[in-house]
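What follows is a single structure, written as structure tokens, with notes after it.
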Amino acid sequence: QVQLVESGGGLVQAGGSLRLSCAASGRTVSTYGMGWFRQAPGKEQEFVAAISWSGSTTYYADSVKGRFTISRDNAKNTVYLQMNSLKPEDTAVYYCAAHRGPFYGLEYRFKGEYDYWGQGTQVTVSS
């Protein structure tokens, strides 16, 4: 079993920054692909970013490309999402997810492909 706990969410003004953390326990996730998803009120959960097991490859939704950066520290069993130039439309609950094993195709884009999920952390961007 893998437990994921997100932290770092909060209230920030448009144009500001937040850094989310996802701490894993129970198993090492050093060989897992990892992702971030978000869900805004009244909307479907959407893919935000993902990172390969080694950290050598990253993937981003078009809506956050150039503003968000995903990274990982396998020695700490932790994944991060640095969010810059935040917009009100970024307001959502952000979830960390783990994919048991590496990514080999487009599965990083789909929430159904992930095996473990965190509880979520609220990010609110005011205008």
Side-chain angles (χ1 to χ4, degrees):
Q1 291 291 327
V2 173
Q3 294 80 45
L4 304 174
V5 178
E6 303 96 334
S7 62
L11 175 65
V12 65
Q13 292 187 354
S17 298
L18 286 173
R19 189 193 192 200
L20 306 184
S21 298
C22 173
S25 61
R27 296 277 192 277
T28 178
V29 294
S30 61
T31 61
Y32 291 8
M34 301 292 293
W36 288 94
F37 290 76
R38 67 186 182 186
Q39 188 165 20
K43 295 187 177 181
E44 298 282 342
Q45 192 176 56
E46 65 176 344
F47 167 75
V48 176
I51 188 166
S52 65
W53 71 270
S54 66
S56 62
T57 307
T58 57
Y59 313 90
Y60 297 96
D62 288 343
S63 59
V64 306
K65 194 173 299 181
R67 300 188 297 121
F68 291 10
T69 303
I70 188 171
S71 62
R72 67 191 300 163
D73 185 342
N74 284 340
K76 296 183 180 295
N77 221 26
T78 300
V79 180
Y80 305 95
L81 185 68
Q82 178 67 45
M83 305 185 295
N84 298 327
S85 301
L86 283 162
K87 305 174 180 179
E89 50 262 49
D90 295 318
T91 295
V93 177
Y94 283 71
Y95 298 91
C96 175
H99 178 270
R100 194 162 57 196
F103 297 125
Y104 286 112
L106 300 178
E107 66 265 35
Y108 62 87
R109 297 183 179 179
F110 305 106
K111 58 183 181 293
E113 296 291 336
Y114 289 80
D115 299 288
Y116 305 101
W117 291 84
Q119 83 289 344
T121 186
Q122 176 70 48
V123 172
T124 302
V125 184
S126 64
S127 59

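Starting from 1, each residue takes its place in the sequence as its number.
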Q: Could you please spell out the steps behind the side-chain contact (heavy atoms from CB on, under 4.5 Å) verdict for Y80 and D73?
A: CA-CA 8 Å; Y80 305 95; D73 185 342; 4.1 Å; yes

Q: Check the pair E89 / T91 against side-chain hydrogen bond (donor to acceptor under 3.5 Å, both in side chains), numbers first and verdict last.
A: CA-CA 5 Å; E89 50 262 49; T91 295; over 6 Å; no

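Atom OG of S30 and atom NZ of K76 lie 15.0 Å apart (nearest 0.5 Å). Taken from CZ in R72 to SG in C22, the straight-line distance is 9.5 Å, to the nearest 0.5 Å.
A40 and A92 get closest at one heavy-atom pair: N-CB, 3.7 Å. R38 and S63 make their closest contact through NH2-OG, 3.5 Å (heavy atoms, listed as atom of the first residue, atom of the second, distance). Nearest heavy atoms, S25 versus N77: N-ND2, 4.2 Å.
Using a cutoff of 4.0 Å between basic side-chain nitrogens and carboxylate oxygens, D62 and K65 are scored as salt-bridged.
If you chain together hydrophobic residues whose side chains sit under 4.5 Å apart, M83 and V125 fall into the same group. Hydrophobic clustering (side-chain heavy atoms under 4.5 Å, transitive across Ile, Leu, Val, Met, Phe, Trp, Tyr) keeps I70 apart from V93. Residue L20 is not grouped with residue Y59 when hydrophobic side chains (ILVMFWY) are merged at heavy-atom distances under 4.5 angstrom, including chains of intermediate members.
Contact check for W117 versus L4: no side-chain heavy atoms found under the 4.5 Å cut-off. Side-chain contact check for L81 versus F68: some heavy-atom pair is nearer than 4.5 Å. E46 is not listed as a side-chain neighbour of E44, based on a closest heavy-atom distance of 4.5 Å or more. Contact annotation: the side chain of R67 approaches that of K87 to within less than 4.5 Å [non-hydrogen atoms, C-beta and beyond]. The closest side-chain heavy-atom distance from I51 to T57 is not below 4.5 Å. Looking only at side-chain heavy atoms (C-beta outward), L86 and L18 come within less than 4.5 Å of each other. Looking at T121 and Y95, their side chains never come closer than 4.5 Å, going by heavy atoms from C-beta outward. In this structure, V29 and M34 have side chains that are in contact, with non-hydrogen atoms separated by less than 4.5 Å.
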For residues 98-113, which side-chain donor-acceptor pairs fall under 3.5 Å, sequence neighbours excluded?
residue: H99; atom: ND1; partner: G101; partner atom: O; Å: 2.9
residue: R100; atom: NH1; partner: Y116; partner atom: OH; Å: 3.2
residue: E107; atom: OE1; partner: G105; partner atom: N; Å: 2.7
residue: E107; atom: OE2; partner: Y104; partner atom: N; Å: 2.7

Side-chain donor/acceptor pairs under 3.5 Å, residues 6-13, sequence neighbours excluded:
residue: E6; atom: OE1; partner: Q119; partner atom: N; Å: 3.0
residue: E6; atom: OE1; partner: Q119; partner atom: NE2; Å: 3.3
residue: E6; atom: OE1; partner: G120; partner atom: N; Å: 2.9
residue: E6; atom: OE2; partner: C96; partner atom: N; Å: 2.7
residue: E6; atom: OE2; partner: G120; partner atom: N; Å: 3.3

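Although no hydrogens or angles enter the test, the distance criterion places no donor-acceptor pair under 3.5 Å between the side chain of N74 and the main chain of G55.
Side chains of S17 and N84: a donor-acceptor N/O pair is present below 3.5 angstrom, by distance only.
Between Y114 and F37, the gap from one ring centroid to the other is short of 6.0 Å.
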